[in-house]
Amino acid sequence: MSGFVPVGKVLNATYSSSLTVDFLNGLQSAPLSDTEILSVAHHFPICIRNDGSLASVCAVVESRHTARSPIDSHGQWHGGYKPIALRCAPFRLRPDQTGNPLLDLEIFEGSLTGSSLVRDGIEVQPVCNKEGKLSHELGTCYNGLRHVQSQQKKLIAALDQLFLAGLLMPLAQERPTAMTESHAILSELRFEVLTNRALEGMARQTFAGIELATAMIFSQMHLVRDMRPAVVERLSLKHLKDETQATALMATTLDTLEPWLDESELFSLEEFEGADYLPDTFAR
Amino acid sequence: MTIKYENPIRLTGAATSRRIFSPLAYHTVRQTNVVPAVIPEAWALASWFPIVWQRIEGRHQLVAVRSLLADGRGYLAAVERSPGLLPLILQSYPFLLDPTAKPDANAARWIDDVIADSPSDIGAPVLLADKRPTKATRLRLGMLDLFQNHWAKTQSLALQLEALELFEPWKLTFDVNGRSIGVDDLFIVRQTAFDTGALAPVAARHGAVAAQFLALHRISLFRAGSLLSAARVAEKNRAAAPAGSGQYEEAGTSS
């Protein structure tokens, strides 16, 4: 599988945004902005990624873990809301930032198309424009990714609350996968037994910790069925006594999300065009 | 809007010999787009509908907004045909709680004595010949029990939010093809309250269930876009229907 390379090393190359199937298929999870969490909870399992660097709030997009694969074999998106980080494909920010956009912004090698502007009929774009600066698209993606990164910092206090309260548990711990060690989900049972005093403490500054915890529980319905904590099976069905009806409700919830429920436009990438993460030296 | 029961009567005597059908067989269920709800329902309903409050007779009533149109149209396709996605109070239809009393523990069971105008099966009697309730009756009265059991706590939460001045109006009206559609008098928890400690007293008093509910309330607001899309489709279909065809004139016709 292809890796990533800093855009500073491929300034004369071209790339195609349509060559992102492998990029998306290779992803386990995508970081979320704090403004995306409530919307994403309707579409993907939300987890905490903690793989050595700073813990972050992510959407699980890896198809072996999600009830519905977000992309088809042609790379078409069917996941409803598309997180900002994924709309910036085939780019990502390197984990250890240097402050130099040419090094920090990385491109998926599989999307590079050499130096030709035409390849097999697919649309390609140059990494740099005629002035030798990063193209408009790259500038927008860089700003979008930096936006997500900066918004994640707002969630640190909320994340700390979940860690301190011991509310997290490994993803799919009963059937471990490659993501089990690095991704955590929320334990509904531990949340439900928190005392009123503890909850009051969590809510004293902001409601973000409780909101994140609830969104994580709510979103577990989007995990593949045998990876959901057993308690989730009855989560949406607390008020239903009839088993047949409960089963039907669960199936409906998971299987009938309409394609036109896409809310990607809630946060347009265009909004990041005017963001000032990217110094003028590098852009446009 | 509260549910407009057509002919509510006490569930006694001859009323117990009526046949009952799937809730969706009834005009009232298909037409009611804004439905009273209780806190535990939010886990199931937030995937589909905004769960907000509506100001009714001077108090904030928790409601699920199923559609922006009040004439039986504008539902999400999956919701429209699934009785399991009805709020409890509609799942229990044609049974209801005594409409002349508060829906607290003492409210008696009534029945809306109407004809199912769109039955999909032969239905079931309220009581069997030996006076035992049928499964359909037990299930629906069970739903009504759950609504009733959680009504007081749901109302208590609304009263505290009201006392703390944490409600703000939520405008859910849109212009679609030159026509104003939507639902009036809706309220949500003041959005700035989530960024401050304003909700701490609510968590302290009502605990985990209410705290989770407040987050679910916010999550559910993202369903407003889906309702608008469904309403636009319904309006487009209405506009495309030949004049005088009657296709969109019958009650219960939907997108």
To the nearest 0.5 Å, what is the distance between [atom1] on [X] and [atom2] on [Y]?
| X | Y | atom1 | atom2 | result |
| --- | --- | --- | --- | --- |
| A:Thr214 | B:His217 | OG1 | NE2 | 12.5 Å |
| A:Ser39 | B:Arg223 | OG | CZ | 7.5 Å |
| B:Phe222 | A:His43 | CZ | NE2 | 9.5 Å |
| A:Phe207 | B:Thr196 | CZ | OG1 | 10.5 Å |
| A:Glu211 | B:Asp195 | CD | CG | 8.5 Å |

Of all heavy-atom pairs between [X] and [Y], which one has the smallest distance, and what is that distance?
| X | Y | result |
| --- | --- | --- |
| A:Asn196 | B:Gly207 | OD1-CA, 3.2 Å |
| A:Phe218 | B:Ser47 | CZ-OG, 3.3 Å |
| B:Ala211 | A:Ile210 | O-CG2, 3.7 Å |
| B:Ala204 | A:Glu200 | CB-CD, 3.6 Å |

Given that the side chain runs from C-beta out, which part of [X] has a heavy atom under 4.5 Å from chain A: side chain, backbone, both or neither?
| X | value |
| --- | --- |
| B:Arg138 | neither |
| B:Ala210 | neither |
| B:His150 | neither |

At a 4.5 Å cut-off on heavy atoms, which part of A:Gln205 comes close to chain B: side chain, backbone, both, or neither?
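Interface part for A:Gln205: backbone (N, CA, C, O).
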For A:Arg197, look at atom CZ and say whether over 12 heavy atoms of other residues, nucleotides or ligands are found less than 6.0 Å away.
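Atom CZ in A:Arg197 is not packed in, count stays at 12 or less.
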Out of A:Ala198, A:Ala203, A:Ala215, A:Ala213, return the one with the most heavy atom pairs under 4.5 angstrom to chain B.
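Ranked by contacts with chain B, first place is A:Ala203.
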In terms of heavy-atom pairs under 4.5 Å, which option from B:Ala208, B:Pro201, B:Ser220, B:Ala198 contacts chain A the most?
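Among the listed options, the one with the most contacts to chain A is B:Ala208.
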